[in-house]
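Below is one structure; the comments refer to it alone.
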Amino acid sequence: MTRDGRRYWLMKSEPGCFSFADLQGRPGQTEHWDGVRNFQARNLLRDELQVGDGVLFYHSNTAQPAIVGLARVVHAGYPDFTACDPRSDHFDPRASAAYPIWYMVDVQGLAALPQPLTRDDLRRHPLLCRMDVLRKGNRLSVQPVREEEWRAVLEVAGLNDPLDRQR
DNA sequence: GCCAACGTTGGC
DNA sequence: GCCAACGTTGGC
């Protein structure tokens, strides 16, 4: 049984730690999204994100938080090996190969937005003002995005849907 | 740097 | 199972 239709997600990253430009600089513009240590986000990574899903890349905890780029999921959830690496900042002594606890996906950068979409930009938009990322106190590093929100971001950015080329 | 909001931990 | 204490996130 396969899931029909792609879905869309917003993923947060602190640009001082890993920026959209960093993703675009990786071979194949692809990198694994490790280090998520929140069970709600873990469940999404493990169970919900699928190859081909669209990703809005959001810069958080920075002077100008904004959606800055478009990406896609290129590998569905698999164990986050950094949890088993004692030298990693994300080491979790409870995790093991048999019980990985934490999961990650691989993400590929597709296009930078011509202009970052700031929180003010989002708040002013009739559809984007409903996005979860604007909700006060929202700390989920991976969160669902409605299809109309994905389309609205493309429209505001003046971009065609980069996922259409990936079929 | 402040602080509100939230998730997690652990004593009971 | 409750809930206070604590740590973290992240906008401002």
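Proteins get letters first, then strands, A, B, ... in listed order; numbering begins at 1 in each.
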So the salt bridge (Lys or Arg N to Asp or Glu O under 4.0 Å) pairs with at least one residue in residues 8-26 of chain A (sequence neighbours excluded) are Arg26(A)-Glu31(A)

Enumerate the protein-to-nucleotides 9-12 of chain C contacts in which both atoms are nitrogen or oxygen and the separation is below 3.5 Å.
| residue | atom | partner | partner atom | Å |
| --- | --- | --- | --- | --- |
| dG10(C) | OP1 | Lys12(A) | NZ | 2.9 |
| dG10(C) | OP1 | Arg139(A) | O | 3.2 |
| dG11(C) | OP1 | Tyr58(A) | OH | 2.8 |
| dG11(C) | OP2 | Asn61(A) | N | 2.8 |
| dC12(C) | OP1 | Arg123(A) | NH1 | 3.3 |
| dC12(C) | OP2 | Arg119(A) | NE | 3.3 |

Can you pull out every ring-ring contact (aromatic ring centres under 6.0 Å, His included) where at least one residue sits in residues 113-147 of chain A? Sequence neighbours excluded, please. none

Using atom names, set out every protein N or O paired with an N or O of nucleotides 2-4 of chain C below 3.5 Å, distance rounded to 0.1 Å.
none

Going by the side chain to side chain donor-acceptor pair (under 3.5 Å) test, which pairs reach into residues 65-84 of chain A, not counting sequence neighbours? Arg37(A)-Asp80(A), Arg37(A)-Thr82(A), Arg72(A)-Gln108(A), Arg72(A)-Gln166(A), Tyr78(A)-Asp106(A), Asp80(A)-Thr82(A)

Could you pick out which residue, Arg37(A) or Lys136(A), lies toward the 5' side of DNA chain B when each is mapped onto its nearest nucleotide? Lys136(A)

Taking the side chain as every heavy atom from C-beta outward, state whether Thr30(A) and Val107(A) have any pair of such atoms under 4.5 Å apart. no

Residues forming a side chain to side chain donor-acceptor pair (under 3.5 Å) with Asp132(A), sequence neighbours excluded: Arg135(A)

Listed partners of Tyr8(A) passing ring-ring contact (aromatic ring centres under 6.0 Å, His included), at least two apart: Trp150(A)

List the residues meeting side chain to side chain contact (heavy atoms under 4.5 Å, CB included) with Asp120(A), not counting sequence neighbours, and say none if there are none. Thr118(A), Arg123(A), Arg124(A)

For residues 47-70 of chain A, which residue pairs pass the ring-ring contact (aromatic ring centres under 6.0 Å, His included) check, not counting sequence neighbours? Phe20(A)-Phe57(A), Trp33(A)-Phe57(A), Phe57(A)-His59(A)

Using side chain to side chain contact (heavy atoms under 4.5 Å, CB included) as the criterion, list what pairs up with Val55(A), not counting sequence neighbours. Met11(A), Ala71(A), Val73(A)

Excluding sequence neighbours, so at least two apart, what forms side chain to side chain donor-acceptor pair (under 3.5 Å) with Glu149(A)? Arg146(A)

Any residue in residues 38-46 of chain A with a heavy atom nearer than 4.0 angstrom to DNA chain B? Just list them by number, or reply none. Asn38(A), Phe39(A), Gln40(A)

